[in-house]
Amino acid sequence: MASSCFLRSILFSSPTTTTNIPSRSDPLSAFFPNNLTCPKPSRFSSLSVSSIGRVGECGRKLSEVRSMAMKKRVEIYDTEENLAIDLAKYTADLSDKFCKERGAFTVVVSGGSLIKSLRKLVEEVESIDWSRWHFFWVDERVVPKHHEDSNYKLAYDNFLSKVPIPPGNVYAINDSLSAEAAADDYETCLKHLVNTNVLRVSESTGFPKFDLVLLGMGPDGHVASLFPGHGLCDEKKKWVASITDSPKPPSERITFTFPVINSSAHVALVVCGSGKAEPVQMALNKTGSVPAGSVSAEEELVWFLDKPASSKL
Ligand SMILES: O=C(O)[C@H](O)[C@@H](O)[C@H](O)[C@H](O)COP(=O)(O)O
């Protein structure tokens with residue numbers, strides 16, 4: 001797929017093992033993989049993983065400052081269409097890299113408009129090894145899977161139903177549980193996947209290390225279900241937490257915590273629209289404190305912005 005033009009790119013510093021996932025008796029069992037074959041995760045240093053310049057090859061770099069640890073880039077696109085094209089290329093490139101290196105690709109998505117921006121990935125149906133994908137949600141509303149508010153339904157209708165990811169590699173929440181029990185259950189699920197080498201663990205934090213987390217951001221600067229001023233933003237121990245007072249409806253949700261999000265290898269924050277220009281500015285220029293400003297990654301954080309969302313930078 002040809003790479004699209006984007007307006008500007010800003011760089012900041014900043015042996016095969018056959019594994020069996022334990023079978024489960026609850027309704028989640030349909031979403032648990034059976035008889036997975038996953039190569040042992042490989043190690044690589046942050047410096048050896050560079051995708052700088054891969055996205056939007058015809059773009060112009062305004063500045064480049066690299067840190068020894070995480071790389072941080074901001075990509076700004078003239079249109080959401082061009083953003084979606086490069087987001088697909090970015091994801092497809094990482095899928096290729098991780099499938100070759102470790103025989104699996106662990107991908108996490110949020111709800112919201114991000115899912116629509118994944119539409120171009122569906123066009124990569126021939127070139128991606130979907131059988132090695134493992135698909136997770138960074139947050140989920142505690143509603144039945146067929147409910148209009150369900151992030152599972154949103155992703156299923158617009159993405160999962162169009163690509164051949166094995167159903168056993170799609171990790172939806174157990175929608176028959178309370179928020180608290182569903183969060184514990186999802187955390188247990190992640191621990192099984194760590195024990196069976198599907199999921200890596202960060203050597204520096206001990207939290208799970210997803211290959212790619214794709215996040216949207218709300219107009220108040222929230223990411224996942226981590227809202228401004230909410231105590232959950234400071235959670236340091238749990239992998240998955242519940243929230244029953246979400247300011248964005250529905251109020252009951254589960255969410256990955258910051259230590260999990262920030263232990264990921266790659267994080268992409270995908271933000272469009274002028275209504276988000278202010279929190280984008282607060283997060284990137286550090287002119288204020290919003291949860292999105294606390295997002296990092298072990299290897300690379302990329303902000304994908306359209307022009308209106310970047311208008312206050
Ligand atoms: O389930 C959710 O509510 C989300 O996962 C949430 O974090 C979302 O990604 C942002 O609110 C952005 O949503 P929009 O892009 O639709 O504004």
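Atoms within a ligand are numbered from 1 in the order they appear, just like the ligands themselves.
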Fill in: The one among G216, G112, G111, S113 that brings a heavy atom closest to atom 15 (O) of ligand 1
S113
Worksheet item: Does a side-chain heavy-atom distance below 4.5 Å link M217 with V290?
Response: no
Discussion item. In the structure I gave you, are the side-chain heavy atoms of T106 and K209 within less than 4.5 Å of one another anywhere?
Written reply: no
Discussion item. According to side-chain hydrogen bond (donor to acceptor under 3.5 Å, both in side chains), who are the partners of K153, at least two apart in sequence or on a separate chain?
Written reply: D157
List the closest protein heavy-atom neighbour of [atom]: residue, atom name, distance to the nearest 0.1 Å.
{"atom": "atom 4 (C) of ligand 1", "value": "D139 OD2, 3.3 Å"}
{"atom": "atom 10 (C) of ligand 1", "value": "H222 NE2, 3.4 Å"}
{"atom": "atom 8 (C) of ligand 1", "value": "K248 NZ, 3.8 Å"}
{"atom": "atom 14 (P) of ligand 1", "value": "K276 NZ, 3.4 Å"}

If you count the atoms of ligand 1 from 1 in the order shown, which ones are under 4.0 Å from a heavy atom of [X]?
{"X": "N151", "result": "1 (O), 2 (C), 5 (O)"}
{"X": "S110", "result": "5 (O), 9 (O)"}
{"X": "R253", "result": "1 (O), 2 (C), 3 (O)"}
{"X": "R141", "result": "1 (O), 2 (C), 3 (O)"}

Worksheet item: Would you say the side chains of H134 and D211 form a donor-acceptor pair under 3.5 Å?
Response: no
Give every donor-acceptor pair under 3.5 Å between a side-chain atom in residues 251-264 and any protein atom, sequence neighbours left out.
unit_1	atom_1	unit_2	atom_2	d
R253	NE	S246	OG	3.1
R253	NE	K248	O	3.3
R253	NE	P250	O	2.9
R253	NH1	S225	OG	2.9
R253	NH2	K248	O	3.2
R253	NH2	P249	O	3.2
T255	OG1	S225	N	3.1
T257	OG1	K238	O	2.7
T257	OG1	W239	O	3.4
N262	OD1	S296	N	2.8
N262	ND2	S294	O	2.9
S263	OG	T205	OG1	2.7
S263	OG	P259	O	2.6
S264	OG	V260	O	3.4
S264	OG	I261	O	2.9

Test: [X] and [Y] ion pair at under 4.0 Å:
{"X": "D129", "Y": "K100", "value": "no"}
{"X": "K97", "Y": "D93", "value": "no"}
{"X": "E81", "Y": "R119", "value": "yes"}

Response to the item:
Honestly, for V138 the part within reach of ligand 1 (heavy atoms, under 4.0 Å) is neither
Discussion item. At under 4.0 Å between heavy atoms, is it the side chain or the backbone of A224 that contacts ligand 1, or both, or neither?
Written reply: backbone
Worksheet item: Looking at ligand 1, does any of its N/O atoms fall within less than 3.5 Å of an N/O of S225?
Response: no
